[in-house]
Amino acid sequence: MLAVLKAGGAYIPLDSEIPADRVNFIMQDSNAKILITSDEILERIDSQLNNHLIFNIDRQLSELSNYPTTKPETQNRKPTDLCYIIYTSGTSGMPKGVLLEHRNVLTYIRGALEIYPITHNHRALQGFSVSFDASVEEIWVTFAAGATLVVGTFDIMRSGDRFSSILNQLNITFLSCAPTLLSMVKEDIPGLKILIFGGEVCSTDMAHRWCKPGRLVYNTYGPTEAAVIATYLVLNPDEEVTIGSQLPGYDVRIVNEWLQPVGGEEEGEILIGGDCVARGYLNRDELTASKFIETDRYDGILRRYYRAGDIARYAPNGQIRFVGRLDAQVKVRGFRVELAEIEGLLLKFESIQAAAVTLDVPTQQLAAFVVETEGKTINREGIAEVLRLKLPYYMIPSTLDVVPELPLTTSQKIDRKRLPAPQIPLSFSAKREIIVCDT
Ligand code: AMP
């Protein structure tokens, strides 16, 4: 990432575990010039990769010695140049690339340095998958503060009961994670001075368990499309857990469907403005136009806002209460998943006439329901295999049930609340099914 940025490029971080099919799609969709990878990853997916220009760091590192060690000529880099593209789950059946510019990321870093008292003495864990923008918080905030970044290896992140003691041994003082990760950790991590929860709803119980004297615990909220986080609250075990208020440099509003600010405790959609707002979605002009809007209605100046699709309302103290989603996007153990992306894939099977996927919240498992096409029977193994080839592991449903019809709302949309309880496991033992949280 450092090298790509230094060379004036933009990076596209890919999780090392995503299937080759998704790598091929992202390489093609983004028109990326080169795939930087390693032996370990290639061993798994090389045979399924299309013909990309590959730089294998295990085999080709020595080639770099032919290049100058001095800093490259400073290009005329502009704040509006592209910094990174992050692919998130898309409703069309394919992931979508969010285009983040340098000014977006800088707005975030500046805001973060104002709210987190991180100094060069801190040690931060890099535990999030780099393909999520929460890793921008870990990596770039740490570097900007001159602090130390400790790489959260597979062994550290999957250490289960030993997670607390390992973080203590490593003297980790700064940790950003989804609440799910620490909900499974039984012992405290006494050395933690700054603990940031984000990416999904944070419970009062978590605030109670992790707030300690000498430690600042945050609940942060924000979508990838508005650079990492947009609101934050310093948690206090005696107070309600809300998503707080806007980060410095961010303009966060709750509005009704006519984009008017909501009054009192009325619910509305979260709108995010400021230099944090991304350029848009790559190759998805229509979606960009509907989610990234321009209006001058708030202060007479034409400004861009991102419609987050999150429902919220103000608490009496002015803080923002997160209520839920306007659409069928869910968070599975911190991962953002568009249920429609999985449904879209299921509908490609001839044997499937209709499909609905839902999240069973207590177990955090995805459940798929399908209606068979008349005269056809689904092939479970075949479906499981295709889903495994196309989707990241956290998007693969745990169950697949055939139902005579899908329950519909009065507006003819799938009524996920009326789907039956999931029954039959999808006949595929997902390698990582037992993992509690990959963030
Ligand atoms: P992502 O783009 O992966 O960061 O996901 C952004 C979405 O995650 C938001 O639009 C929310 O729906 C959800 N989210 C993020 N942070 C929180 C939070 N603190 N509480 C509730 N939902 C959250």
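Both ligands and their constituent atoms are indexed starting at 1 by order of listing.
- By the 3.5 Å distance cut-off applied to N or O atoms, E225 is not counted among the residues near ligand 1.
- With respect to R110 and D275, no salt bridge is recorded, no charged nitrogen being found less than 4.0 Å from a carboxylate O.
- In plain terms, the two heavy atoms of A355 and I414 that are nearest each other are O-CD1, 3.5 Å.
- The nearest heavy-atom contact from the protein to atom 19 (N) of ligand 1 is T220 O, 2.8 Å.
- Applying the 6.0 Å contact sphere to CD of E266 captures more than 12 heavy atoms from other residues, nucleotides or ligands.
- If you look at E200 next to ligand 1, the close heavy atoms, those under 4.0 Å, all belong to the backbone.
- Close to ligand 1: F322, with a non-hydrogen atom less than 4.0 angstrom away.
- At a 4.0 Å heavy-atom cut-off, ligand 1 touches D310 through the side chain alone.
- Atom 5 (O) of ligand 1 has its closest protein heavy atom at K331 NZ, 2.9 Å.
- Every heavy atom of T88 sits 4.0 Å or more from the atoms of ligand 1.
- A side-chain contact (heavy atoms from CB on, under 4.5 Å) with I229 is found for one member of V136, I243, T220, D133 and no other, namely T220.
- Under a cut-off of 6.0 angstrom, the local environment of CD in E265 is crowded, with over 12 non-hydrogen atoms contributed by other residues, nucleotides or ligands.
- Considering only non-hydrogen atoms, atom 4 (O) of ligand 1 lies nearest to G222 out of G199, G222, P179.
- Using a 4.0 Å cut-off between a side-chain N of Lys or Arg and a carboxylate O of Asp or Glu, R284 and E225 do not qualify as a salt bridge.
- Taking every heavy atom of P223 and a limit of under 4.0 angstrom, the matching atoms of ligand 1 come to 2 (O), 6 (C).
- In this structure, R303 does not pair ionically with D296, as no charged nitrogen and carboxylate oxygen lie closer than 4.0 Å.
- If you look at N219 next to ligand 1, the close heavy atoms, those under 4.0 Å, all belong to the side chain.
- The backbone and the side chain of Y221 each have at least one atom closer than 4.0 Å to an atom of ligand 1 (non-hydrogen atoms only).
- R279 contributes a side-chain N or O that, together with a main-chain N or O of T80, makes up a donor-acceptor pair within less than 3.5 Å.
- The ligand atoms of ligand 1 that sit less than 4.0 angstrom from a heavy atom of R325 are 10 (O), 12 (O).
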